[in-house]
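Just so it is clear, the values below take in all heavy atoms, side chains as well, and ignore hydrogens, waters and symmetry mates. Just so we're clear, the structure is a prediction, and the values are computed from it rather than from any experiment.
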Amino acid sequence: MIIKLIILSSAILVLIPPTVSGESSSCTCPEESEDQAQNYSEALKFKLAAIASVLTAGGIGVSIPLLGRRFQFLRPENDAFFMIKAFAAGVILATGFVHILPDAYRTLTSPCLSKSPWREFPFTGFFAMVAAIGTLAVDTVATAFYKNMHFSKSKQVNYAADEEDQQPPHDGHVHVHTHATHGHAHGAVVPSHDINLSDLVRQRIISQVLELGIVVHSVIIGISLGASQSVDTVKPLMAALSFHQFFEGMGLGGCISQAKFKSLTTTVMMIFFSLTTPIGIGVGIGISSVYKENSPIALIVEGILNSASSGILIYMSLVDLLAADFTNPRMQSNVRLQLGAHVSLLLGAGCMSLMAKWA
């Protein structure tokens with residue numbers, strides 16, 4: 001489902017240039033000055049370097065939390081993992097508030113768009129709110145569905161076990177039933193297992209929805225970099241986006257590691273995250289000759305997608321990542337862990353906010 005949505009959003013942006021080229025004449029916003037234009041072949045070199053740099057940074061970032069299977073200090077049961085997750089959550093929160101939301105506001109209030117309705121109603125906040133509510137609905141419905149599906153199976157297994165217990169003993173044999181050795185304890189073992197599985201299901205839903213919000217934004221910023229013709233724009237973006245993907249990868253990798261997917265699923269999610277921005281850059285390079293970033297349709301599509309992406313990331317970082325960890329009984333009872341997690345949160349949010357100066 002995630003792959004289909006990303007392909008659909010990418011297709012919309014790719015199909016924009018032929019449609020909007022005829023509308024560019026009606027746009028009254030100022031054109032880029034000739035002094036800012038740079039040689040296309042020189043800019044292309046930096047774009048190709050950006051593909052390699054962003055791909056490497058994203059791959060390393062998403063892999064670090066998953067190394068907990070090999071390194072003891074990175075495992076979820078250790079205090080260091082709480083601080084890594086707090087840092088990553090701060091990165092994701094700053095991405096939504098500082099990077100994506102202002103960009104969405106800028107595009108949806110551009111002078112290239114008609115005053116009515118785009119500058120008469122706060123569409124940026126509206127679409128972000130709708131996306132956050134939609135994320136809540138998906139989170140709730142999906143979790144309830146998987147819980148009910150598992151609980152119905154658990155009831156069937158328990159009913160079959162109870163029927164077996166009620167069978168009369170065989171002739172010549174004495175049937176001894178002890179809860180300590182039978183393998184199931186009524187009202188004790190099953191609920192504990194259900195709680196653990198419920199948490200696991202929730203972590204898997206969180207990681208999938210979080211990846212959706214991240215990759216939508218990654219495709220958009222990749223296309224923006226690839227379509228740019230200015231070396232002065234591409235050079236700082238290459239460095240900034242590399243750090244950007246590294247930090248976002250750490251946040252996503254932390255969620256994937258807690259979800260305990262199978263190796264194949266984990267690998268696919270890692271590769272999918274790592275490739276989205278480089279693919280976006282490649283698409284941007286391909287359409288750079290016809291893509292008009294100030295055309296009305298391009299601005300509307302980009303603004304709506306960015307608004308929705310920011311709403312998803314803000315909701316996920318605050319509700320599913322920070323609230324879940326900071327209300328954890330283990331953190332509540334450990335003052336040093338609380339202090340470390342708060343410092344890590346501020347450090348992650350601060351580092352990512354600083355990146356907004358360049359990207």
Side-chain angles (χ1 to χ4, degrees), residues 5-33 36 93-138 212-230 233 237 241 244 277 280 283-284 287-317 353 355-359:
L5 288 173
I6 301 306
I7 293 175
L8 178 61
S9 61
S10 302
I12 292 174
L13 288 175
V14 171
L15 292 175
I16 285 173
T19 305
V20 299
S21 58
E23 296 181 5
S24 58
S25 59
S26 61
C27 180
T28 57
C29 55
E31 296 291 334
E32 184 177 304
S33 64
Q36 295 176 341
L93 185 64
T95 300
F97 272 120
V98 182
H99 286 255
I100 309 178
L101 202 60
D103 283 346
Y105 178 81
R106 175 183 56 80
T107 54
L108 291 180
T109 57
S110 171
C112 294
L113 298 178
S114 60
K115 183 177 180 181
S116 177
W118 298 106
R119 280 176 281 167
E120 294 181 351
F121 183 82
F123 282 102
T124 304
F126 175 76
F127 288 126
M129 178 190 68
V130 170
I133 295 174
T135 305
L136 172 64
V138 170
L212 172 63
I214 290 176
V215 297
V216 168
H217 172 58
S218 297
V219 170
I220 294 174
I221 60 176
I223 291 176
S224 299
L225 187 149
S228 177
Q229 302 283 4
S230 172
T233 300
L237 274 179
L241 289 183
H244 186 277
T277 302
V283 172
I287 65 175
S288 59
S289 60
V290 291
Y291 181 77
K292 304 295 182 182
E293 63 178 7
N294 287 329
S295 62
I297 297 179
L299 290 170
I300 292 171
V301 172
E302 181 181 346
I304 292 175
L305 290 177
N306 271 337
S307 298
S309 180
S310 68
I312 293 173
L313 295 184
I314 290 170
Y315 170 87
M316 298 298 293
S317 58
S353 299
M355 291 293 103
K357 181 176 176 61
W358 300 280

What heavy-atom pair brings [X] and [Y] nearest, and what distance separates the two atoms?
X: Met316; Y: Thr135; value: SD-CG2, 3.6 Å
X: Glu302; Y: Ile220; value: CG-CG2, 3.8 Å
X: Val98; Y: Pro102; value: O-CG, 3.2 Å

CZ of Phe123: more than 12 outside heavy atoms within 6.0 angstrom? yes
Working to the nearest 0.5 angstrom, can you tell me the gap between [X] [atom1] and [Y] [atom2]?
X: Ile100; Y: Thr124; atom1: CD1; atom2: OG1; answer: 12.5 Å
X: Ile300; Y: Ser295; atom1: CD1; atom2: OG; answer: 9.0 Å
X: Thr95; Y: Ile214; atom1: OG1; atom2: CD1; answer: 7.5 Å
X: Asp103; Y: Ile221; atom1: CG; atom2: CD1; answer: 9.5 Å

Could I get the full list of ring pair (Phe, Tyr, Trp, His ring centres under 6.0 Å) partners for Phe126, not counting sequence neighbours?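 For Phe126, the residues satisfying ring pair (Phe, Tyr, Trp, His ring centres under 6.0 Å) (neighbours in sequence not counted) are Phe121.
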With sequence neighbours left out, write down each residue that passes side chain to side chain contact (heavy atoms under 4.5 Å, CB included) with Ile133, or none if nothing qualifies. Met129
Could you list the donor-acceptor pairs under 3.5 angstrom formed by side chains in residues 303-312, with sequence neighbours left out?
{"from": "Ser307", "atom 1": "OG", "to": "Gly303", "atom 2": "O", "distance (Å)": "2.8"}
{"from": "Ser309", "atom 1": "OG", "to": "Gly213", "atom 2": "O", "distance (Å)": "2.8"}
{"from": "Ser310", "atom 1": "OG", "to": "Asn306", "atom 2": "O", "distance (Å)": "3.4"}
{"from": "Ser310", "atom 1": "OG", "to": "Ser307", "atom 2": "O", "distance (Å)": "2.7"}

Under the side-chain contact (heavy atoms from CB on, under 4.5 Å) criterion, do Leu299 and Trp118 qualify, and how do the steps go? CA-CA 11 Å; Leu299 290 170; Trp118 298 106; over 6 Å; no
Yes or no on side-chain contact (heavy atoms from CB on, under 4.5 Å) for Ile223 and Val219, after CA distance, side-chain angles and deciding distance? CA-CA 6 Å; Ile223 291 176; Val219 170; 4.0 Å; yes
